[in-house]
**Q** 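First, the structure itself, so that you have it in front of you.
These numbers come from a predicted model, not from an experiment. Each residue takes its place number in the sequence, starting with 1. Both ligands and their constituent atoms are indexed starting at 1 by order of listing.
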Amino acid sequence: MAESITITPTFDVNEIRKSFPVLEREVNNKLLVYLDNAATAQKPQSVIDALSYYYSNYNANIHRGIHSLAEEATAAYEATRVTVQKFIHASYPEEIIFTRGTTEGINLVAYTWGRQNIHAGDEIIISTMEHHSNIVPWQILCEEKHAVLKVVPVNDNGELLMDEFHNLLSPKTKLVSIVHVSNALGTINPVKEIIDAAHEVGAVVMVDGAQSTVHLTIDVQKMNCDFFAFSGHKVYGPTGIGVLYGKKKILENMPVFMGGGEMIKEVTFEKTTYNNLPYKYEAGTPNIADTIALKVALDYVTEVGKSNAKKYETELLQYATEELKKIPGLRIIGNAKNKVSLISFVIENIHPQDIGVLLDNQGIAVRTGHHCTQPLMKRFGIPGTVRASFAMYNTREEVDKLIAGLQKAIKMLA
Ligand SMILES: Cc1ncc(COP(=O)(O)O)c(C=O)c1O
């Protein structure tokens with residue numbers, strides 16, 4: 001028998017950079033250093049081309065048309081569903097519901113499953129490190145239903161206090177909604193442990209995958225989460241398209257969300273019957289072009305290889321962390337053992353926003369502020385941080401530019 005040879009694709013950051021046209025532009029007469037990837041990632045040329053090709057060649061409304069353009073558009077739209085299914089290892093394509101993004105995915109669950117299953121006195125558990133989009137929908141639900149929102153605290157390193165989580169769990173817990181990777185700290189949460197423990201008390205678990213989907217291999221079956229939401233634009237895809245995964249059995253039994261075209265089987269003035277999954281949750285004309293281009297983005301990530309990208313990004317994280325620690329007065333917020341390539345920090349006596357402006361003057365894009373995690377900022381007693389978040393196309397040279405830029409900014413502001 002012939003010996004099988006495994007060829008490990010090599011990760012060439014310079015080749016990868018060539019795929020992202022925006023990385024060639026200048027900002028304030030300096031080559032752009034884009035370190036705001038947790039807010040939104042840049043797009044490879046293939047994604048940009050897919051959008052333009054769709055509008056130039058087969059723009060049509062999907063599902064109901066019988067003409068060629070409609071058939072081509074429908075086939076491309078549905079091909080994305082299958083690609084997403086494989087990308088997150090879901091069991092069935094109909095478990096993939098297209099949304100506008102993570103925010104809409106979480107709200108969809110809150111407005112449907114939540115309103116059906118949460119009653120007075122029930123408890124919902126979230127954590128201190130949630131993005132506002134995984135706090136506010138549950139707060140609205142709890143107010144309406146007289147349910148109780150419980151919050152898992154974090155330690156000084158920005159890790160969940162798991163003992164506290166286990167103590168909060170009880171038969172009253174109906175839902176745990178937890179962020180997989182913190183957008184403000186970079187912490188990777190132990191979602192499998194959380195899901196298993198929550199299931200033991202009969203609770204359903206929603207995972208906010210907005211930040212994890214681009215960095216980690218996602219296997220919703222292994223994870224055994226009940227719902228998982230992510231946004232295309234953080235995975236090198238377009239804005240305005242996201243995904244809600246739900247276990248088929250749960251989705252089938254949930255009430256409908258928005259009413260309109262596509263989500264129905266039959267409408268009469270007396271009674272309307274609803275469509276099967278996933279169309280039951282895709283009312284109206286969807287975001288066809290961006291859905292089609294999402295497939296191209298996910299194919300790109302798959303082609304590079306998630307584990308290759310992760311390895312590279314982890315090295316970049318280590319390098320950046322070591323270099324940042326050398327700056328006097330700089331304090332990293334979020335020192336979890338398990339982190340993605342994202343670093344939040346504050347500098348003594350300097351407002352994060354001033355740093356952000358001076359870095360931008362040097363062509364360096366970072367995010368400053370509370371990162372839609374105000375309760376977390378309160379926990380750390382700070383108004384906000386400077387956040388540098390790295391993607392697979394960032395380099396050590398860019399980290400060096402960030403460090404030099406910071407030193408210059410500190411000199412000007414101190
Ligand atoms: C952890 C987390 N959850 C949810 C969201 C919301 O995502 P979107 O604005 O794409 O709906 C974000 C966006 O930054 C995020 O980082």
**Q** Look at the rings of His180 and Phe228 and say which category their plane angle falls in: under 30° parallel, 30 to 60° tilted, over 60° perpendicular.
**A**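 Geometry flag for Phe228 against His180: perpendicular rings.
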
**Q** Is the cationic atom of Arg17 (NZ for Lys, CZ for Arg) positioned less than 6.0 Å from the six-membered ring centroid of Phe20 and within 45 degrees of its normal?
**A**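 No, Arg17 does not lie over the aromatic ring of Phe20.
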
**Q** Just wondering, more than 12 heavy atoms not from Arg379 lying within 6.0 Å of its CZ?
**A**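 It does: Arg379 CZ has more than 12 such atoms within range.
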
**Q** Any idea which protein heavy atom is nearest atom 3 (N) of ligand 1, and the distance to it?
**A**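 Residue, atom and distance for the closest contact: Asp208 OD2, 2.6 Å.
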
**Q** Between Thr103 and ligand 1, is there a nitrogen or oxygen pair with a distance under 3.5 Å?
**A**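 Yes - when backbone and side-chain N and O of Thr103 are compared with those of ligand 1, one distance drops under 3.5 Å.
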
**Q** Is the number of heavy atoms from other residues, nucleotides or ligands within 6.0 Å of CG (Asn57) greater than 12?
**A**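 Above 12, so yes.
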
**Q** Mark up the atoms of ligand 1 that fall under 4.0 Å of a heavy atom belonging to Ser231, in ascending order.
**A**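 Those of ligand 1 that fall under 4.0 Å from Ser231 are 7 (O), 8 (P), 10 (O), 11 (O).
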
**Q** Identify, for atom 13 (C) of ligand 1, the protein heavy atom at the shortest distance, and state residue, atom and that distance.
**A**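 Here the closest protein heavy atom is Lys234 NZ, 2.9 Å.
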
**Q** Could you label the plane-to-plane angle of the Phe87 and Phe230 rings as parallel, tilted or perpendicular, counting under 30° as parallel and over 60° as perpendicular?
**A**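 Tilted: the ring planes of Phe87 and Phe230 meet at 30° to 60°.
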
**Q** Mark up the atoms of ligand 1 that fall under 4.0 Å of a heavy atom belonging to Val179, in ascending order.
**A**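 Listed by number with element: 1 (C).
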
**Q** Could you find the nearest protein heavy atom to atom 4 (C) of ligand 1 and give me its residue, atom name and distance?
**A**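 So the nearest neighbour among protein heavy atoms is Ser133 OG, 3.1 Å.
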
**Q** At less than 4.0 angstrom from any non-hydrogen atom of His233, what atoms of ligand 1 do you find?
**A**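 The list of qualifying atoms is 10 (O).
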
**Q** Looking only at protein heavy atoms, which one is nearest to atom 16 (O) of ligand 1, and what is the separation?
**A**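 Sorting protein heavy atoms by distance from atom 16 (O) of ligand 1 puts Gln211 NE2, 2.7 Å first.
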
**Q** Please compare Ala210, Ala229, Ser212 and report which has the shortest non-hydrogen distance to atom 2 (C) of ligand 1.
**A**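 When every heavy atom of Ala210, Ala229, Ser212 is considered, Ala210 comes closest to atom 2 (C) of ligand 1.
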
**Q** Counting the benzene-type ring for Trp, do His131 and His370 have ring centres under 6.0 Å apart?
**A**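 No.
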
**Q** Can you name the one residue among Ile135, Asn183, Val154 that meets side chain to side chain contact (heavy atoms under 4.5 Å, CB included) with Leu376?
**A**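 One option only clears the test, and that one is Val154.
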
**Q** Among all the protein's non-hydrogen atoms, which is closest to atom 15 (C) of ligand 1, and how far away is it?
**A**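 For atom 15 (C) of ligand 1, the nearest protein heavy atom is His131 CD2, 3.3 Å.
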
